[in-house]
Amino acid sequence: MSILAQTTERKAVTTLKKVLPIMERLDHVAMSAADAFDTATALNLIRRVIESNPEPKSKPTK
């Protein structure tokens, strides 16, 4: 059974923003074509999550 949130937490988006530049550096390593395709797909999906969750107008209160 899966419990999905109505919105994506800021922590998740922040973590994805940190991971994205690291994953983009994988262009410089030797990979099989299948792995390169999967990596490119993952990068596109991560970018989509980041873009679909814009920065809030104000900082959330703790």
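For the atom pair CG of Asp38 and CG of Leu43, the computed distance is 11.0 Å after rounding to the nearest 0.5 Å.
In terms of heavy-atom proximity, Pro54 sits nearest to Arg10 at O-NH1, 3.3 Å.
Residues that satisfy the side-chain contact (heavy atoms from CB on, under 4.5 Å) test with Thr7, not counting sequence neighbours, are absent from this structure. The side-chain contact (heavy atoms from CB on, under 4.5 Å) test applied to Thr8 returns Ala12, Val13, Asn53, not counting sequence neighbours. Every side-chain contact (heavy atoms from CB on, under 4.5 Å) that Leu16 has, sequence neighbours left out, goes to Ile46, Val49, Ile50.
Here side-chain hydrogen bond (donor to acceptor under 3.5 Å, both in side chains) pairs that include residues 11-22, with residues two or more places apart or in two chains, are Lys17-Glu55.
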Which donor-acceptor pairs under 3.5 Å do the side chains of residues 24-32 make with protein atoms, sequence neighbours left out?
from  : atom 1 : to    : atom 2 : distance (Å)
Glu24 : OE2    : Arg47 : NH2    : 3.0
Ser32 : OG     : Asp35 : N      : 3.2
Ser32 : OG     : Asp35 : OD2    : 3.3

